[in-house]
K.L.:
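Just dropping this structure here.
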Amino acid sequence: MKNSETNYIDHGDWAEGISKMTGETIYVTKPGYYFTLLYDVTKPEGKEFSGLKLVSDVDLTTGQLDDEYLKHFNAFIGPALPELVIWKFKSAMDSLIASYRKNFDQWSTSKSEEAYINLEESHESLNDIFQGLVSLKLQRFPCDRNIGEKVNSYYESSDKKKMFLNLMITSSALDSELKNLAIEETFTNNVMFHPGDIYDYFLKYRDFLAVNHSILPLVEELA
């Protein structure tokens, strides 16, 4: 679903839109989903990159080191990122994948146990190296969202954010006003959550105000 006024496209578990601050595309996911760079080392050399992939918590915890798994590499990059940072990660990963491909080709040729062990170790080492790189680069990107954090926890985490809620949301706010405010939060104010999740939280906050005639609800009341 596309909103032409905001250049925002909702893909369900993830969304993309143009940042009003930088003019570049921003990608955000719903809680429990993350972006990875997918590589397939069975493709011709230099063409291993298969695109940006959305994976879930389940996907990240159920991968097994078997023959099929080792043909691919999912480079985990996080739940929300601007396009420029994603392509910087891709550039770094492109230079790292060559050594892994070399080990994969050796195993594909020999099918020996030793080559298979080297491939497993190479897969694990590549993941460690890349995640170290991601950690360093993300420190420079102003993404105010922690891994696994939910929208309600984010807005209840500081007095400044609570003050924002109390200033911007009233018990009489219209659904359309809250939806536009949620989109603005993501693509103007760099609050890196899916605008649909922010909108749902704003609705709950408004309804809380209407029923309780008070402000600053506890996190657990809106979870």
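One-based numbering along the sequence shown.
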K.L.:
May I ask you to decide if the ring planes of His194 and Tyr8 are parallel, tilted or perpendicular, using 30° and 60° as cut-offs?
P.N.:
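Aromatic pair His194/Tyr8 classed perpendicular.
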K.L.:
Quick one: list whatever passes side-chain contact (heavy atoms from CB on, under 4.5 Å) with Glu113, sequence neighbours left out.
P.N.:
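Once residues adjacent in sequence are excluded, the partners of Glu113 under the side-chain contact (heavy atoms from CB on, under 4.5 Å) criterion are Ile117.
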K.L.:
Give me each pair satisfying salt bridge (charged side-chain N to carboxylate O under 4.0 Å, His left out) with a member in residues 186-203, each pair once, sequence neighbours excluded.
P.N.:
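Every pair satisfying salt bridge (charged side-chain N to carboxylate O under 4.0 Å, His left out) with a residue in residues 186-203: Lys30-Asp197.
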K.L.:
Does the side chain of Tyr155 come within less than 4.5 Å of Phe164's, by heavy atoms?
P.N.:
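Side-chain contact under 4.5 Å: yes.
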K.L.:
Grab the two heavy atoms, one from Leu181 and one from Met168, that are nearest each other, plus how far apart they are.
P.N.:
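That would be CD1-CE, 3.7 Å.
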K.L.:
To the nearest 0.5 Å, tell me how far Asp10 CG sits from Ile183 CD1.
P.N.:
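So the CG of Asp10 and the CD1 of Ile183 are separated by 9.0 Å.
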K.L.:
Is any side-chain heavy atom of Ile77 closer than 4.5 Å to one of Thr36?
P.N.:
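The answer is no, as the side chains (C-beta and beyond) never meet within the 4.5 Å cut-off.
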K.L.:
Rounded to the nearest 0.5 Å, how far apart are CG of Leu119 and CD of Glu121?
P.N.:
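Output value for this atom pair is 10.0 Å.
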K.L.:
What I'd like to find out is whether the side chain of Lys162 reaches to under 4.5 Å of the side chain of Ser158, using heavy atoms alone.
P.N.:
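The answer is no, as the side chains (C-beta and beyond) never meet within the 4.5 Å cut-off.
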K.L.:
I'd like to check the side-chain contact (heavy atoms from CB on, under 4.5 Å) partners of Leu54; sequence neighbours left out, ordered by chain and number.
P.N.:
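In terms of side-chain contact (heavy atoms from CB on, under 4.5 Å), with neighbours along the sequence ignored, Leu54 is linked to Asp13, Trp14, Thr29, Tyr33, Phe35.
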K.L.:
Determine whether His123 and Phe73 satisfy the following criterion, ring-ring contact (aromatic ring centres under 6.0 Å, His included), listing intermediate values before the conclusion.
P.N.:
CA-CA 8 Å; His123 194 283; Phe73 190 88; 4.9 Å; yes
K.L.:
With Glu24, which residues qualify under side-chain contact (heavy atoms from CB on, under 4.5 Å), at least two apart?
P.N.:
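Glu24 satisfies side-chain contact (heavy atoms from CB on, under 4.5 Å) with Thr22, Pro82, Glu83, Leu84 once adjacent residues are dropped.
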K.L.:
Which pair of heavy atoms, one from Ala92 and one from Leu133, lies closest together, and at what distance?
P.N.:
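For Ala92 versus Leu133, the nearest heavy atoms are CB-CD2, 3.2 Å.
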K.L.:
Using every non-hydrogen atom in the two residues, find where Val41 and Leu70 come nearest and quote the distance to one decimal.
P.N.:
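What the structure gives for the nearest pair is CG2-O, 4.0 Å.
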K.L.:
How about Leu81 and Tyr27: do any of their side-chain heavy atoms sit closer than 4.5 Å?
P.N.:
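Not touching, per the 4.5 Å side-chain cut-off.
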K.L.:
Using 4.0 Å as the upper bound for N to carboxylate O, is an ion pair formed by Arg206 and Asp175?
P.N.:
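Counted as a salt bridge, because a side-chain N and a carboxylate O are separated by less than 4.0 Å.
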K.L.:
Who are the side-chain contact (heavy atoms from CB on, under 4.5 Å) partners of Ala182, not counting sequence neighbours?
P.N.:
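Scan of Ala182 (side-chain contact (heavy atoms from CB on, under 4.5 Å), adjacent residues dropped) gives Ile198, Tyr199, Phe202.
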K.L.:
What pair of heavy atoms forms the shortest contact from Met21 to Asn190, and how long is it?
P.N.:
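Closest pair (atom of Met21, atom of Asn190, distance): SD-CB, 4.0 Å.
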K.L.:
Has Ser108 got a side-chain atom pairing as donor or acceptor with Phe104's backbone, closer than 3.5 angstrom?
P.N.:
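Yes, because the side chain of Ser108 sits within donor-acceptor range (under 3.5 Å) of the backbone of Phe104.
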K.L.:
Could you work out, with side chain to side chain donor-acceptor pair (under 3.5 Å) as the rule, every residue matching Ser172, not counting sequence neighbours?
P.N.:
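Here the qualifying residues are Thr170.
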K.L.:
Can you tell if the side chain of Phe89 reaches within under 4.5 Å of the side chain of Leu37, non-hydrogen atoms only?
P.N.:
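Yes. Closest side-chain heavy atoms under 4.5 Å.
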K.L.:
So, the side chain of Glu16 versus the backbone of Val28: is there a donor-acceptor pair under 3.5 Å, distance only?
P.N.:
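No: the side chain of Glu16 does not pair with the backbone of Val28.
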K.L.:
Report yes if some heavy atom in the side chain of Asn152 is under 4.5 Å from a heavy atom in the side chain of Tyr205; otherwise report no.
P.N.:
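They are not in contact (no side-chain heavy atoms under 4.5 Å apart), so the answer is no.
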K.L.:
Apply side-chain contact (heavy atoms from CB on, under 4.5 Å) to residues Ser122 and Asn118 and explain how you reach the verdict.
P.N.:
CA-CA 6 Å; Ser122 178; Asn118 287 338; over 6 Å; no
K.L.:
Tell me the closest heavy-atom pair linking Glu177 and Leu174, and the distance in Å.
P.N.:
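Taking Glu177 first and Leu174 second, the nearest heavy atoms are OE1-N, 2.9 Å.
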K.L.:
Are there more than 12 heavy atoms of other residues, nucleotides or ligands under 6.0 Å from atom NZ of Lys111?
P.N.:
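More than 12 heavy atoms, drawn from other residues, nucleotides or ligands, come within 6.0 Å of this atom.
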K.L.:
Once you round to the nearest 0.5 Å, how far does CD of Glu185 lie from OH of Tyr154?
P.N.:
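So the CD of Glu185 and the OH of Tyr154 are separated by 6.5 Å.
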K.L.:
For a quick test of reading the model, state the closest non-hydrogen atom pair linking Leu52 to Phe49 and the distance between them.
P.N.:
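Minimum heavy-atom separation between Leu52 and Phe49: N-CZ, 4.1 Å.
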K.L.:
Which salt bridge (charged side-chain N to carboxylate O under 4.0 Å, His left out) pairs, counting each pair once, include a residue from residues 89-104, with sequence neighbours left out?
P.N.:
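Non-adjacent pairs meeting salt bridge (charged side-chain N to carboxylate O under 4.0 Å, His left out): Glu48-Arg101, Lys90-Asp94, Arg101-Asp105.
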K.L.:
Out of curiosity, Leu126 CG to Asn103 CG, how far, rounded to the nearest 0.5 Å?
P.N.:
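One finds 10.0 Å between CG of Leu126 and CG of Asn103.
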K.L.:
Checking Lys43 now: which residues fulfil side chain to side chain donor-acceptor pair (under 3.5 Å) with it, not counting sequence neighbours?
P.N.:
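If we apply the side chain to side chain donor-acceptor pair (under 3.5 Å) test to Lys43, skipping adjacent residues, the hits are Ser50.
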K.L.:
Answer yes if Leu38 and Met93 sit in the same cluster of Ile, Leu, Val, Met, Phe, Trp and Tyr residues linked by side chain heavy atoms under 4.5 Å apart, and no otherwise.
P.N.:
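No, separate clusters.
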K.L.:
Going from OH on Tyr201 to CZ on Phe193, what distance comes out if it is rounded to the nearest 0.5 angstrom?
P.N.:
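Taking OH in Tyr201 and CZ in Phe193, the distance rounds to 11.0 Å.
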K.L.:
Could you list the residues that satisfy side chain to side chain donor-acceptor pair (under 3.5 Å) with Ser112, not counting sequence neighbours?
P.N.:
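Side chain to side chain donor-acceptor pair (under 3.5 Å) list for Ser112, sorted by chain: Ser110.
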K.L.:
One pair to check against side chain to side chain donor-acceptor pair (under 3.5 Å): Tyr69 and Asn74. What are the steps and the verdict?
P.N.:
CA-CA 10 Å; Tyr69 180 81; Asn74 276 308; over 6 Å; no
K.L.:
Could you list the residues that satisfy side chain to side chain donor-acceptor pair (under 3.5 Å) with Ser99, not counting sequence neighbours?
P.N.:
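Ser99 satisfies side chain to side chain donor-acceptor pair (under 3.5 Å) with no residue once adjacent residues are dropped.
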K.L.:
Rounded to the nearest 0.5 Å, how far apart are CD1 of Ile86 and CD1 of Ile26?
P.N.:
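Taking CD1 in Ile86 and CD1 in Ile26, the distance rounds to 10.0 Å.
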